[in-house]
Amino acid sequence: MTEELSQTLRDRRWKLDELLRLGIRPFEYGFERSHDSAAAIAEFAAAEDGESLDADGNGPRARVGGRVVAWRGHGKSAFAHLEDGSGRIQLYFRQDVLGEERFGVLDLVDIGDWLGVEGPLFRTRTGEVTVRVEAWTVLTKSLRPLPLGKSEVDPESGERVYHAAFKDTESRYRQRYADLAVHPEAREVFRTRARVVAEMRAFLDKDGFLEVETPALQPMYGGAAARPFITHHHSLDRAMYLRIADELYLKRLVVGGFERVYEITHDFRNEGVDRLHNPEFTMLEFYQAFADYRDMLEQVERLIGHVVETVTGGSDLTYRGERLSFARPLARVQFMDALGKALGSDPMTMTVTELKVRATALHLPELEGAGRGKLLDKLFGVLVEPSLVQPTFVMDHPIELSPLAKTHRSEPGVVERFELYAMGTELANAFSELNDPLDQRERFEAQRALGVAGDAEAHQVDEDYLRALEYGMPPTGGVGVGVDRLVMLLTDQPSIRDVILFPVLREED
RNA sequence: GCGCCGCUAGCUCAAUUGGCAGAGCAACUGACUCUUAAUCAGUAGGUUCGGGGUUCGAUUCCCUGGCGGCGCACCA
């Protein structure tokens, strides 16, 4: 490397060379730990309670490894903090313990280095459990300073208070490794995310659902209204699509005789990026034979309730200062009722022209060629959605919006469908699945007409799916849950990028 | 895609009307053997996001491009 290095980077390289010169391996092969920091602290506390400390106050010995996150030199002694996956532990180095030469080598240690240390545990005068370091080794020399601001622990709340923390949003997303390295609470968000997914699995597994994997690379996309990513398979010499939903494949499996199936996977939608949308996102879909959307509503209530309970310990959570209650039963409103109330007249009896007048009055753009379904959807989005702060099921959507849902058994013009909203955004979507292949073909044809008219998100006609339905799909309820958004709520994060480890960004430079 | 805001040292941020580009932390040198945002003294560190323009002089004003945030639109 001949690139010009900043003074800071040059300095780290110099220390690396010095370590090598002293015969110290700066990138070790491993380190056997006796404790992580939390276990070491716990074991010392237990020894203290058992009054088994020696005359100098030393308790059990520990070998701990971690990243140096703070350093306070005092001439012939030094304090440091080492952070590992379980937390932090203080280190105490003394020249009279380590010897002049070995203590001197500590000058080559920087914040950010990974160290392994060993020595007895003791409690300092100020009460902190600390390793009295008798031996130490460099595990990894850090060649680039971490963006680590100073921080202290608030004695009142126990929370970490940052002073000049690493907070440039762009850098945090681009260099997630650095964000995670200096923000334990960012790591906690992703631990929670993993727990949410694990609990969804546990809930469904326990209820007899089979986890399956369906293609991400598809010859034809479907199952949602969205623009796909298109790619090309060279040896087959044909276009392939990244899935926008796994719905149609999961229902094929119900046709095949798997009565309860689910998949937690990434969908890809070729659309804009904002606070609530990443082009690649995680969706849970599950399908249950012999069930209708009312059964699925109960399932969603129980599933979400279970996840909220696991993370918060109760049925409530706070998002952006707003208290949300997921206590069952959740509120429910009829799509048409809610929209009718907002419009001041019954949307079912309104003509397309009348709807368009109302939409125009609200300055809704993109009305060009919009059909009845799209108009209702847009009006609902503007007039009703923002008010759905507490978790609410919106029931029975217009048929034009839902080409894969069964028509309502008693209400004309609508389908058996619900969406779960909270904080004004959609969390889940479900219906009594349309299993009449003749009706399904008509719905596909209607979508094809919309597509011809210029709707880039219109559904394609999937002949293979129709063939599957012709074999016969039992009555089935299906649900999709936006996992990222649920995690946003549960971790109180303002942007979907805060719950996706490596969100989509434009190229650097 | 459109609008608004932002981009200055490793990190967080200043810089008056257009007038020598600064501070805290990190780093470096020195002092200090129970500190914890350690302390004290000193030192160094800059393509002010890129390109162009106006001007005696641009971090500052204008044009243009890049990236990000927020809002709108689209969507789950």
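Each chain gets a letter, A, B and so on, in the order its sequence line appears, and its residues count up from 1.
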S.K.: Using Watson-Crick or G-U wobble geometry with both distances under 3.5 Å, which nucleotide pairs with B/U29?
M.R.: B/A41
S.K.: Ring-on-base stacking between A/Phe79 and B/A38, under 5.5 Å between centres and under 30° between planes: is it there?
M.R.: no
S.K.: Using Watson-Crick or G-U wobble geometry with both distances under 3.5 Å, which nucleotide pairs with B/U60?
M.R.: none
S.K.: Can you tell me the pairing partner of B/C70 across any strand shown, Watson-Crick or G-U wobble, with both distances under 3.5 angstrom?
M.R.: B/G3
S.K.: Which part of the nucleic acid does A/Leu505 contact within heavy-atom distance under 4.0 Å: base, sugar-phosphate only, or nothing?
M.R.: sugar-phosphate
S.K.: Given the C1' atoms of B/U55 and B/C49, what is the spacing between them in whole Å?
M.R.: 23 Å
S.K.: Between A/Arg125 and B/C34, does any side-chain N or O lie under 4.0 Å from OP1 or OP2?
M.R.: no
S.K.: How is A/Asp274 classified with respect to the nucleic acid when contacts are heavy atoms under 4.0 Å: base, sugar-phosphate, or nothing?
M.R.: base
S.K.: Respond yes when some side-chain nitrogen or oxygen of A/Arg506 is under 4.0 Å from OP1 or OP2 of B/G69, and no when none is.
M.R.: no
S.K.: Checking all strands, does A/Asp168 fall into the base, sugar-phosphate, or nothing category for heavy-atom contacts under 4.0 angstrom?
M.R.: sugar-phosphate
S.K.: Give none if B/U54 has no partner; otherwise give the nucleotide forming a Watson-Crick or G-U wobble pair with it, both distances under 3.5 Å.
M.R.: none
S.K.: Answer with base, sugar-phosphate or nothing: what part of the nucleic acid does A/Arg123 contact at a heavy-atom distance below 4.0 Å?
M.R.: nothing
S.K.: Considering only atom C1', compute the distance from B/A37 to B/G45 and round it to an integer number of Å.
M.R.: 22 Å
S.K.: Would you tabulate the pairs of protein nitrogen or oxygen atoms and nucleotide nitrogen or oxygen atoms of nucleotides 42-49 of chain B closer than 3.5 angstrom?
M.R.:
| residue | atom | partner | partner atom | Å |
| --- | --- | --- | --- | --- |
| B/A44 | O2' | A/Gln7 | NE2 | 2.9 |
| B/G45 | O4' | A/Gln7 | OE1 | 2.9 |

S.K.: With a 4.0 Å limit, can you tell me whether A/Lys15 has a side-chain N or O closer than that to the phosphate oxygens OP1/OP2 of B/C28?
M.R.: yes
S.K.: In the strands shown, is B/U16 matched to any nucleotide by a Watson-Crick or G-U wobble pair with both distances under 3.5 Å, and which?
M.R.: none
S.K.: Please classify the nucleic acid contact of A/Ala428 as base, sugar-phosphate, or nothing, using heavy-atom distances under 4.0 Å.
M.R.: nothing
S.K.: So does A/Arg174 get a side-chain nitrogen or oxygen closer than 4.0 Å to the phosphate oxygens (OP1/OP2) of B/G68?
M.R.: yes
S.K.: Counting only side-chain N and O atoms of A/Arg10, is one of them less than 4.0 Å from OP1 or OP2 of B/A27?
M.R.: no
S.K.: When the P atoms of B/C13 and B/G57 are compared, how many Å lie between them, rounded to an integer?
M.R.: 33 Å
S.K.: Counting only Watson-Crick or G-U wobble pairs whose two distances fall under 3.5 Å, which nucleotide matches B/G24?
M.R.: B/C11
S.K.: So A/Phe229 and A/Phe268, would you call those rings parallel, tilted or perpendicular, with 30° and 60° as cut-offs?
M.R.: perpendicular
S.K.: Applying the Watson-Crick and G-U wobble criteria at under 3.5 Å, what pairs with B/U35? Answer none if nothing qualifies.
M.R.: none
S.K.: Can you check nucleotides 2-9 of chain B for protein contacts, nitrogen or oxygen pairs under 3.5 Å, and list what you find?
M.R.:
none

S.K.: What interatomic distance, in whole Å, is found between P of B/A9 and the corresponding atom of B/G66?
M.R.: 22 Å
S.K.: Need the pair for B/G65. Rule: Watson-Crick or G-U wobble, both distances under 3.5 Å, any strand; none if unpaired.
M.R.: B/C49
